Amino acid sequence: MTITADNASSIAELERLKVLHNGTKGKLTFSDAEFERRLGGLRQIMAAQDLDAVILTSYHGIKYYSDFLFTTFGRNYALVVTADESVTVTANIDAGMPWRTSYGENIVYTDWRRDNFYFGLQEALRQRGVKATRLGVEDDFLPGLTREKIAAAFPGAALLDVSQDAMRQRMIKSAEEIEVIKHGARIGDLGGEAIRNAICEGISEYEVALIGTEAMVHEIARTFPDREVRDTWVWFQSGINTDGAHNWATTRKLQQGDILSLNCFPMTSGYYTALERTLFLGQPDERSLELWNINVEVHKRGLELIKPGAVCKDIAAELNEIYISNGLLANRTFGYGHSFGVLSHYYGREAGLELREDIDTVLEPGMVVSMEPMITVADGQPGAGGYREHDILVIGEDNTVENITKFPFGPEHNIVQA
């Protein structure tokens with residue numbers, strides 16, 4: 001008998017698991033064929049490692065293969081993939097939403113017992129006739145205690161890492177993915193325009209950030225009307241707050257002569273894009289202008305170097321030479337760029353595709369990467385502040401590269417008169 005709210009007399013009578021096909025399946029970000037392509041790639045990874053199933057637990061893994069982006073709030077989530085099926089295992093607090101917004105089947109676990117999530121994993125495989133002896137997991141995003149409990153739920157089964165192989169699959173974007181990323185870059189440009197128009201003496205960083213965020217969110221809702229609207233943000237920084245790329249907006253008010261950093265991050269269905277620009281409120285001093293132009297020189301050369309067949313570490317090495325010639329190598333703060341896709345500030349980095357000195361990945365068609373050089377000069381020194389530019393490039397067939405960021409950069413465009 002199925003226990004319902006009407007006939008249960010105690011918590012002990014409530015189900016451990018549910019099927020909640022509440023409403024109808026919604027329109028997903030991508031086509032069914034695209035999800036089958038992705039799952040087919042994962043199943044090739046499974047075959048190569050002789051795996052009976054894969055249990056994905058990361059934001060990016062679940063999103064990439066099912067389109068469902070969970071909100072953890074202290075609970076576990078998973079996507080279980082077998083040779084023939086895929087099923088999300090989600091918390092009862094989300095009700096039918098995970099099923100409506102995902103590709104594949106769904107099992108809901110309840111809060112009535114602490115181990116119901118792991119019971120849901122067991123049932124996902126039992127219902128599909130899979131007796132696991134070798135299970136794939138994502139060791140790059142799997143806490144040790146959770147891994148131990150998964151192992152205990154499948155005694156005798158070996159847990160093997162698939163995270164690096166799955167990351168390499170995600171590094172090559174499909175035409176459908178690239179279309180979403182292009183929309184994101186366009187929306188980032190719109191946010192940048194709203195921010196530049198709002199800059200004035202006396203306005204606070206967070207107020208500027210809100211203006212940029214609102215402009216992007218409205219355009220995301222218009223462009224993707226059938227998807228969730230979530231996670232878009234802006235880091236707008238001024239003065240000393242520009243020293244770090246990931247410094248959140250504060251209540252600091254803009255002042256004449258400030259160095260400014262515009263950073264727009266539209267999130268389109270779990271896909272991150274970015275627009276980052278250095279600006280000044282009023283004419284910069286001589287040293288600030290010199291530093292800005294040096295960083296722009298690096299940026300321009302980096303855009304030229306991104307092309308099919310280029311090696312990530314070689315790009316970084318050549319750009320380093322420009323900084324070395326200007327005595328600024330030690331002022332660099334991070335790598336020169338990274339991959340785009342299922343990514344946010346809390347999930348999804350494709351570490352195998354970064355423009356760093358220790359990455360030997362060769363750029364190839366279908367990859368999407370940024371060029372984003374940055375230097376920081378410490379407070380109290382001439383030209384103090386952080387200088388950063390950021391464009392997104394799509395590597396295509398036939399030796400083509402498309403820069404999908406259109407917002408202008410450099411002193412000739414981004415000095416805002418007070």
Side-chain angles (χ1 to χ4, degrees), residues 1-23 25 42 51-82 84-163 228 346-347:
M1 179 178 70
T2 299
I3 303 296
T4 69
D6 294 330
N7 57 23
S9 58
S10 72
I11 287 290
E13 294 178 289
L14 295 175
E15 313 103 305
R16 300 184 68 181
L17 304 176
K18 296 180 179 181
V19 174
L20 277 177
H21 291 180
N22 193 34
K25 284 274 193 181
L42 181 59
L51 301 175
D52 303 301
V54 169
I55 298 174
L56 302 169
T57 51
S58 71
Y59 291 99
H60 42 277
I62 296 172
K63 173 67 181 179
Y64 183 76
Y65 293 106
S66 77
D67 215 25
F68 171 60
L69 185 60
F70 65 85
T71 302
T72 178
F73 249 116
R75 293 175 173 85
N76 291 318
Y77 289 78
L79 174 68
V80 178
V81 180
T82 68
D84 303 307
E85 295 185 66
S86 62
V87 53
T88 48
V89 180
T90 63
N92 191 41
I93 196 169
D94 297 328
M97 182 272 291
W99 175 76
R100 293 194 301 271
T101 62
S102 65
Y103 184 77
E105 196 42 82
N106 172 251
I107 293 174
V108 172
Y109 72 92
T110 66
D111 277 359
W112 319 133
R113 283 180 55 171
R114 186 65 71 175
D115 61 347
N116 279 352
F117 170 71
Y118 303 98
F119 181 60
L121 299 180
Q122 292 171 325
E123 281 296 289
L125 294 185
R126 186 193 66 78
Q127 291 171 10
R128 287 154 183 82
V130 176
K131 181 173 176 55
T133 58
R134 292 171 62 85
L135 284 172
V137 295
E138 295 173 287
D139 279 337
D140 67 337
F141 211 87
L142 182 59
L145 287 177
T146 304
R147 195 183 202 280
E148 289 176 8
K149 290 179 179 180
I150 292 175
F154 299 97
L159 304 187
L160 297 101
D161 181 44
V162 299
S163 65
E228 298 169 335
Y346 57 94
Y347 61 80

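Everything numeric here is computed off the predicted structure, so don't read it as measured data.
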_Distance-minimising heavy-atom pair for Leu79 and Ser86_ = CD1-CB, 4.1 Å
*Is the number of heavy atoms from other residues, nucleotides or ligands under 6.0 Å of Ile11 CD1 greater than 12?*
yes
*Answer yes or no: are there more than 12 heavy-atom neighbours, outside Lys25 itself, under 6.0 Å from its atom NZ?*
yes
*Heavy-atom side-chain contact between Leu135 and Leu125 under 4.5 Å*: yes
*Quick one: sort the Phe70 and Tyr77 rings into parallel, tilted or perpendicular, breaks at 30° and 60°.*
parallel
*Got Glu105 and Gln127 here, is their nearest side-chain heavy-atom distance under 4.5 Å?*
no
*Closest heavy-atom contact between Ala132 and Ala157?*
O-CB, 3.6 Å
_Do Leu42 and Leu56 have side chains that approach each other closer than 4.5 Å (heavy atoms only, starting at C-beta)?_
yes
_OH-OG1 distance between Tyr118 and Thr146, expressed to the nearest 0.5 angstrom_ = 4.0 Å
*For Asp161 and Asp139, indicate whether the former's side chain and the latter's backbone hold a donor-acceptor pair under 3.5 Å.*
yes
*Quick one: closest heavy-atom pair of Val108 and Asn92, and the distance?*
CG1-CA, 3.4 Å
*Distance (rounded to the nearest 0.5 Å) between Ile150 CD1 and Leu121 CG*: 6.0 Å
_Side-chain heavy-atom pair Arg128, Asp84 within 4.5 angstrom cut-off_ = no
*Give, for atom CG of Asn22 and atom CZ of Arg100, the distance between the pair rounded to the nearest 0.5 Å.*
5.5 Å
*Which atoms form the tightest heavy-atom contact between Ile62 and Phe68, and what is the distance?*
CG2-O, 3.5 Å
*Relative to each other, are the rings of Tyr347 and His60 parallel, tilted or perpendicular (30° and 60° limits)?*
parallel
*Just wondering, do Asp115 and Arg16 contact through their side chains at under 4.5 Å, heavy atoms?*
yes
*Closest approach of Ala78 and Ile55, non-hydrogen atoms and distance?*
CB-CG2, 4.1 Å
*What is the minimum heavy-atom distance between Gly104 and Trp99, and which atoms define it?*
O-CD1, 4.3 Å
_Does any part of the side chain of Val137, heavy atoms only, come nearer than 4.5 Å to the side chain of Thr57, both counted from C-beta?_
no
*Rounded to the nearest 0.5 Å, what separation is found between the CG atom of Leu14 and the CZ atom of Arg113?*
12.5 Å
_Rounded distance (nearest 0.5 Å) linking atom CD1 of Ile93 with atom OG1 of Thr110_ = 12.5 Å
*So, the side chain of Asp52 versus the backbone of Arg134: is there a donor-acceptor pair under 3.5 Å, distance only?*
yes
*asked:* Let me confirm one number: the NE2-CG distance from His21 to Asn106, rounded to the nearest 0.5 Å.
replied: 6.5 Å
_More than 12 heavy atoms of other residues, nucleotides or ligands under 6.0 Å from OH of Tyr346: yes or no?_
yes
*Under 4.5 Å between any side-chain heavy atoms of Arg75 and Asp94, yes or no?*
no
